[in-house]
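Report on the following structure.
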Amino acid sequence: MHSIKLFLTDVDGCLTDGSMYYSAEGEVMKRFCVYDGMGMVCLQQAGIPCGILTSEQSPVVKARAEKLKLQFLYLGVGSKVNPNCLTKLQAASEICAQLGITLDEVCYVGDDINDIDLLSAVGFPCCPPNARPEVLAIPNIHVLKTPGGQGAIREIADNILKEYG
């Protein structure tokens, strides 16, 4: 495993099972796995900053990131609907510049086509087994055993922490 100095993840399909709950007023809820949250907390306690990169503009995701005290949160990036926004690769590059690290020192978990560029650029790309076929086909991608929203993030967090003692 590479020397991981930054952990980033997508939300839908990675931190969640990909489901969205809507009311007449719009998005109301997402289901998060507490194991994933604890994995990110443990990474941060070990000195590895964590962040979320998502194409959604979700107050639910913002609240989750705040609860976990994540250092980085980029909402509305990598959207295929809004081509004027930052790509996830651009957002991750900004974070790397702030931290003085390279993309080779990043672990990123993604599952869909708007994650492909970043997954192809980082040193340790990961995806849940329920990722899109285009993602599963990325060379050197680490396919997790646990589906998104059911502890996939905790699986890779535990592996990173085990690697670092």
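- Judged by distance alone, the side chain of Asp10 and the main-chain N or O of Thr54 form no donor-acceptor pair under 3.5 Å.
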Run the side-chain donor-acceptor check on residues 131-142: report pairs under 3.5 Å with partners two or more places apart or on a different chain.
none

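- Of all heavy-atom pairs spanning Leu161 and Ala46, the tightest one is CD2-CB, 3.5 Å.
- Of all the heavy atoms in Cys85 and Gly78, the pair that sits closest is SG-N, 3.7 Å.
- The nearest pair of heavy atoms linking Cys107 to Ile156 is SG-CG1, 4.1 Å.
- When only modelled atom types and interatomic distance are considered, Tyr74 and Glu94 share a side-chain donor-acceptor pair under 3.5 Å.
- Using a 4.5 Å cut-off on side-chain heavy atoms (C-beta onward), Ile95 and Leu6 make contact.
- For the atom pair Cys96 SG and Lys5 NZ, the distance stands at 11.0 Å (nearest 0.5 Å).
- Looking at every heavy atom in both residues, Ala157 comes nearest to Gly39 through CB-O, 3.6 Å.
- Residues Leu118 and Leu103 have side chains in contact (heavy-atom distance under 4.5 Å, counting atoms from C-beta outward).
- Separating the CD1 atom in Ile52 from the CZ atom in Phe72 is a distance of 12.5 Å, to the nearest 0.5 Å.
- Checking each of Thr16, Asp12, Asp17 against Lys30 for a side chain to side chain donor-acceptor pair (under 3.5 Å) leaves exactly one that passes, namely Asp12.
- Within the structure, salt bridge (Lys or Arg N to Asp or Glu O under 4.0 Å) contacts touching residues 113-130 (residues at least two apart or in different chains) are Lys88-Asp115.
- To the nearest 0.5 Å, the span separating CE on Met40 from CE on Met38 amounts to 12.5 Å.
- Between Gly148 and Pro128 the shortest heavy-atom distance is N-CB, 3.5 Å.
- Separating the CD atom in Gln98 from the CD atom in Gln71 is a distance of 8.0 Å, to the nearest 0.5 Å.
- When only modelled atom types and interatomic distance are considered, Ser3 and Glu105 share no side-chain donor-acceptor pair under 3.5 Å.
- Between Gln44 and Cys50 there is a side-chain heavy-atom pair separated by less than 4.5 Å.
- Note that the OH atom of Tyr108 and the CZ atom of Phe7 stand 10.0 Å from one another [nearest 0.5 Å].
- With respect to Asp158 and Arg154, a salt bridge is recorded, a charged nitrogen being found less than 4.0 Å from a carboxylate O.
- Atom CG of Leu8 is separated from atom CG of Leu73 by 11.0 Å, given to the nearest 0.5 angstrom.
- When all heavy atoms of Asn130 and Gly13 are compared, the closest pair comes out as ND2-O, 3.8 Å.
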